[in-house]
Amino acid sequence: MHTFIHTRYANHPADVKNYDTKALREHFLLETLFVPNEIHGIYTLNDRLIVGGIHPKNAPVQLETIDQLKAEYFLERREIGIINVGQAASIEVDGTQYTLAHKEALYIGKGAKDVIFHPATEGETLFYFNSAPAHKSYPTKKVGLEDAEVVTLGALENSNHRTIYKLLVNSVVETCQLQMGMTLLKPGSVWNTMPAHTHDRRMEAYFYFDVPEGQAVCHYMGQPEETRHLWMKNNQAVISPPWSIHSGAGTSNYTFIWGMAGENLDYGDMDIVAPTELF
């Protein structure tokens, strides 16, 4: 076995109010995603999203089923989105190979049986993935930055000038419920997702990378009237329950991947919380 997925239970906001820093990190933070020649991650009971990392180093790594799914193969009742955060490398899906450059994405629909991740010829191979339950099979599709729906928001004056690449969203590729994209902050900008918001109709996961050595990101979570924070390093992810805000500020600019699962595919579906309304 090369696939190690651990279960994380859903948390009631009233309970989270009593968590200290250690408990917050244990319940919501994914500290180690990339282990050589393995697949590591968590199965969260928030919308049953699976969040993880794949690090083929000197041998291919196959996507194996896990006990939590009680399925013959991983994608028997699921879809998966993968974004390459390492060097160019290939993914084999039922005999067809797809080569992903840095920051390119691949959607694989329900029913794909053999998914193999191959190591890059040079440099580190790092694939970040989200997987959600699926009711229908949609075709496998590669999405490059040139294929994404691109939006630039914010301003340097507010330290949040950023470009959003909507990669695996319903305006670009058909999915059942999984939505994924990537936000790049401009030099001099550190705030993401401002104004903060919640969306009870879906949960979200954030993966922070391109964080320079010696720098960090402070991720904010919790109900708007009861916020908490988690300090995060490069190549770490965090779970954001539907009732929680998800925003962050870094000691430098950085890049993050957002992934969502739930009943609503509308990217703009959110309940805005102004900065002056946060506590």
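- In terms of modelled atom types and a separation under 3.5 Å, the side chain of Asn158 and the main chain of Ala155 share no donor-acceptor contact.
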Item to check | His40/His55 under side chain to side chain donor-acceptor pair (under 3.5 Å): CA gap, chis, key distance, verdict | outcome: CA-CA 9 Å; His40 269 255; His55 183 18; over 6 Å; no

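- Residue Val85 is not grouped with residue Leu100 when hydrophobic side chains (ILVMFWY) are merged at heavy-atom distances under 4.5 angstrom, including chains of intermediate members.
- Shown here for Met203 and Ser240, the closest heavy-atom pair between the two residues is CB-O, 3.5 Å.
- Leu126 and Ile82 sit in two unconnected hydrophobic clusters of ILVMFWY residues. Membership requires side-chain heavy atoms under 4.5 Å apart, directly or through other members.
- Thr44 contributes no side-chain N or O that, together with a main-chain N or O of Leu49, makes up a donor-acceptor pair within less than 3.5 Å.
- Across all their heavy atoms, Leu33 and Ala237 have their closest contact at CD1-CB, 3.9 Å.
- No donor-acceptor contact under 3.5 angstrom links the side chains of Lys57 and Thr125, judged on distance only.
- Note that the CZ atom of Phe207 and the CE atom of Met182 stand 11.0 Å from one another [nearest 0.5 Å].
- Between His197 atom NE2 and Met270 atom CE the span is 4.0 Å, to the nearest 0.5 Å.
- Cluster annotation: Val51 is not connected to Ile108 through the hydrophobic network of ILVMFWY side chains, with a link wherever side-chain heavy atoms come within less than 4.5 Å.
- By the salt bridge (Lys or Arg N to Asp or Glu O under 4.0 Å) test, Asp15 is found to be paired with no residue, residues two or more places apart in sequence or in another chain being considered.
- Heavy atoms from other residues, nucleotides or ligands lying under 6.0 Å from CD of Glu122 number 12 at most.
- Side-chain atoms of Val150 and Lys166, non-hydrogen and from C-beta on, never get closer than 4.5 Å to each other.
- Side-chain atoms of Val115 and Glu92, non-hydrogen and from C-beta on, never get closer than 4.5 Å to each other.
- Clustering ILVMFWY residues whenever any of their side-chain heavy atoms sit less than 4.5 angstrom apart, transitively, puts Ile54 in a cluster other than the one holding Ile83.
- Here CD1 of Ile91 is found 10.0 Å from CG of Leu63. Values are rounded to the nearest 0.5 Å.
- Contact check for Met260 versus Leu178: no side-chain heavy atoms found under the 4.5 Å cut-off.
- Side-chain N/O atoms of Thr183 and Trp258 include a donor and acceptor closer than 3.5 Å.
- Of the N and O atoms on the side chains of Asn192 and Asn160, not one donor lies less than 3.5 Å from an acceptor on the other residue.
- No hydrogens or angles considered: a donor-acceptor pair under 3.5 Å links the side chains of Ser131 and Arg78.
- Of all non-hydrogen atoms in Thr140 and Val93, the two that sit nearest each other are OG1-CG1, 4.0 Å.
- Side chain of Asn84 to main chain of Lys103: no donor-acceptor pair is present (N/O by atom type, distance under 3.5 Å, no hydrogens or angles).
- The shortest side-chain heavy-atom distance between Gln236 and Leu29 falls under the 4.5 Å cut-off.
- No donor-acceptor contact under 3.5 angstrom links the side chains of Asp269 and His199, judged on distance only.
- Remark: side-chain polar atoms of Lys141 are paired, donor with acceptor, to backbone N or O of Val172 under 3.5 angstrom.
- With a 4.5 Å cut-off between side-chain heavy atoms of Ile, Leu, Val, Met, Phe, Trp and Tyr, the cluster of Ile245 takes in Val190, Trp191, Met194, Tyr220, Val273, Leu278.
- Of the N and O atoms on the side chains of Tyr208 and Asp210, not one donor lies less than 3.5 Å from an acceptor on the other residue.
- Looking at heavy atoms from C-beta onward, Leu230 lies out of side-chain contact with Cys218 at the 4.5 angstrom threshold.
- No side-chain donor-acceptor contact under 3.5 Å links Thr227 and Gln223.
- Remark: the Tyr19 side chain and the Asn11 side chain contain an N/O donor-acceptor pair separated by less than 3.5 Å.
- Between the side chain of Thr193 and the backbone N or O of Ala196, no donor-acceptor pair lies under 3.5 Å.
- For the atom pair CD (Glu64) and OG1 (Thr3), the distance works out to 4.0 Å, reported to the nearest 0.5 Å.
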Next on the checklist: Between Phe127 and Phe129, does the ring-ring contact (aromatic ring centres under 6.0 Å, His included) criterion hold? Intermediate values first, please.
Outcome noted: CA-CA 6 Å; Phe127 294 113; Phe129 75 91; 9.9 Å; no

Item to check | Worked check of salt bridge (Lys or Arg N to Asp or Glu O under 4.0 Å) between Arg201 and Asp47 | outcome: CA-CA 10 Å; Arg201 295 149 295 284; Asp47 286 319; over 6 Å; no

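- The backbone N or O of Val35 sits nowhere less than 3.5 Å from a side-chain atom of Glu38 that would complete a donor-acceptor pair.
- Under 3.5 Å, the side chains of Arg48 and Tyr43 contain a donor-acceptor pair of N or O atoms.
- At least one side-chain heavy atom of Ile239 sits under 4.5 Å from a side-chain heavy atom of Leu30.
- A distance-only check finds a donor-acceptor pair linking the side chain of Arg228 to the backbone of Lys17 [under 3.5 Å].
- Looking at Ser252 and Gln215, their side chains never bring a donor and an acceptor atom within 3.5 Å of each other.
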Next on the checklist: The test is salt bridge (Lys or Arg N to Asp or Glu O under 4.0 Å); show your working for Glu263 and Arg202 and say whether it passes.
Outcome noted: CA-CA 6 Å; Glu263 63 174 315; Arg202 59 177 187 246; over 6 Å; no

Next on the checklist: I'd like to know whether Val173 forms a side chain to side chain contact (heavy atoms under 4.5 Å, CB included) with Thr175, so could you lay out the CA-CA distance, the side-chain angles of the two residues, the decisive distance to 0.1 Å, and finally the verdict.
Outcome noted: CA-CA 6 Å; Val173 57; Thr175 71; 4.2 Å; yes

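- In this structure, Ile39 is not a member of the same hydrophobic cluster as Phe34, with clusters built from ILVMFWY side-chain heavy atoms closer than 4.5 Å.
- Ser244 and Gly222 get closest at one heavy-atom pair: OG-N, 2.7 Å.
- Ser90 and Thr99 make their closest contact through CB-OG1, 3.9 Å (heavy atoms, listed as atom of the first residue, atom of the second, distance).
- Side-chain contact check for Leu185 versus Thr255: every heavy-atom pair is 4.5 Å or farther apart.
- No side-chain heavy atom of Thr152 sits less than 4.5 Å from a side-chain heavy atom of Ile164.
- Applying ring pair (Phe, Tyr, Trp, His ring centres under 6.0 Å) to His219 and the options Tyr254, Phe256, Trp231, Tyr206 leaves one that passes, Tyr206.
- Looking at every heavy atom in both residues, Leu75 comes nearest to Gly109 through CD1-O, 4.2 Å.
- Under 3.5 Å, the side chains of His246 and Glu204 contain a donor-acceptor pair of N or O atoms.
- At distances below 3.5 Å, not a single donor-acceptor pair connects side-chain atoms of Asn130 with backbone N or O atoms of Gly81.
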Next on the checklist: Does His2 form a side chain to side chain donor-acceptor pair (under 3.5 Å) with Gln62? I'd like the steps, not just the answer.
Outcome noted: CA-CA 8 Å; His2 298 279; Gln62 183 156 5; over 6 Å; no

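- Residue Glu146 places its CD atom among more than 12 non-hydrogen atoms of other residues, nucleotides or ligands, all under 6.0 Å distant.
- A side-chain donor from one of Tyr107 and Glu79 sits under 3.5 Å from a side-chain acceptor of the other.
- Using modelled atom types, one finds no donor on one side chain facing an acceptor on the other under 3.5 Å when comparing His102 with Gln87.
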